[in-house]
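Counting begins at 1 with the first residue of the sequence. Computed from heavy atoms alone, side chains included, the values below leave out hydrogens, waters and symmetry copies. Given the structure is predicted, the values throughout are model-derived calculations rather than measurements.
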Amino acid sequence: MLDSVFSGLCEIKDAQHVRLFDQFGNQYGATKRWPESLEEQRAEWAHCVSVASSFGLGELHEVWIESRRLTVIDQIDTGVFAALSGKNGTKGMWRYQLTRQRQRINATKTQVI
């Protein structure tokens, strides 16, 4: 299932880098030549969770990072994260595609039961 989600994420326009990983640091798929390592992305996520917690904002589901390129780290399932990065990314389109992949995962869960 995660292979098809990964391939769906790779088709997103202007997403030059795609990575799927879990909370334990296992990588399920990644495009080559990511600017950051998996450990750096997990550390960014942990820092953002810490900041959200310290301000009492509740559970964190996604982080958008804007600099020379756009990066999003999104929790697409419990303990499973997708990271997208690229120049000229369109936030609305990326958000829509991430939601579609989340729906695919949720639809498959009921079939397994």
Side-chain angles (χ1 to χ4, degrees):
M1 178 63 205
L2 289 178
D3 289 337
S4 66
V5 169
F6 177 72
S7 64
L9 292 172
C10 287
E11 295 173 4
I12 296 175
K13 184 180 183 219
D14 295 324
Q16 297 167 332
H17 310 288
V18 178
R19 180 180 280 147
L20 266 180
F21 61 96
D22 68 13
Q23 63 192 7
F24 304 110
N26 299 314
Q27 184 169 279
Y28 297 113
T31 55
K32 295 183 180 181
R33 298 190 182 126
W34 257 94
E36 302 92 15
S37 69
L38 176 58
E39 292 76 24
E40 289 173 316
Q41 284 185 329
R42 289 180 64 225
E44 286 176 347
W45 178 262
H47 176 71
C48 292
V49 167
S50 173
V51 169
S53 176
S54 69
F55 284 111
L57 299 176
E59 190 175 342
L60 187 64
H61 296 281
E62 70 182 23
V63 173
W64 290 86
I65 304 163
E66 294 185 50
S67 62
R68 294 185 321 223
R69 59 188 161 77
L70 179 64
T71 302
V72 61
I73 303 172
D74 185 286
Q75 185 171 351
I76 60 172
D77 195 17
T78 305
V80 179
F81 301 88
L84 305 174
S85 182
K87 294 183 179 178
N88 306 321
T90 306
K91 287 183 188 178
M93 181 57 73
W94 286 16
R95 170 95 303 294
Y96 171 75
Q97 294 295 340
L98 286 165
T99 300
R100 281 189 57 222
Q101 297 307 319
R102 187 178 296 107
Q103 290 170 346
R104 286 179 67 190
I105 289 172
N106 290 333
T108 317
K109 285 182 180 178
T110 56
Q111 294 174 1
V112 173
I113 295 173

Under 4.5 Å between side-chain heavy atoms, counting indirect links through other Ile/Leu/Val/Met/Phe/Trp/Tyr residues: same cluster for [X] and [Y] or not?
X: Trp45; Y: Phe21; result: yes
X: Leu84; Y: Leu70; result: yes
X: Leu57; Y: Leu60; result: no
X: Leu38; Y: Leu2; result: no

Residue pairs passing the side-chain hydrogen bond (donor to acceptor under 3.5 Å, both in side chains) test where at least one lies in [range], sequence neighbours excluded:
range: residues 50-64; value: Glu62-Trp64, Glu62-Arg95
range: residues 84-94; value: Glu66-Lys91, Arg69-Ser85, Thr71-Ser85
range: residues 15-24; value: Arg19-Gln27, Arg19-Gln41, Asp22-Asn26, Asp22-Tyr28

Side chain Trp34, main chain Val18, donor-acceptor under 3.5 Å: yes
Considering all heavy atoms of both residues, which atom of [X] and which atom of [Y] are nearest to each other, and what is their separation?
X: Leu9; Y: Leu98; answer: CD2-CD2, 3.8 Å
X: Ser4; Y: Arg104; answer: OG-NH2, 3.0 Å
X: Gln101; Y: Gly8; answer: NE2-CA, 3.9 Å
X: Ile76; Y: Leu20; answer: CD1-CD2, 3.6 Å

With a 4.5 Å limit on heavy-atom distance, are the side chains of Val63 and Phe81 in contact? no
Determine whether the side chains of Arg100 and Gln103 contain a donor N or O and an acceptor N or O closer than 3.5 Å. no
Can you tell me how far the CD atom of Glu44 sits from the CD1 atom of Ile65, to the nearest 0.5 Å? 4.0 Å
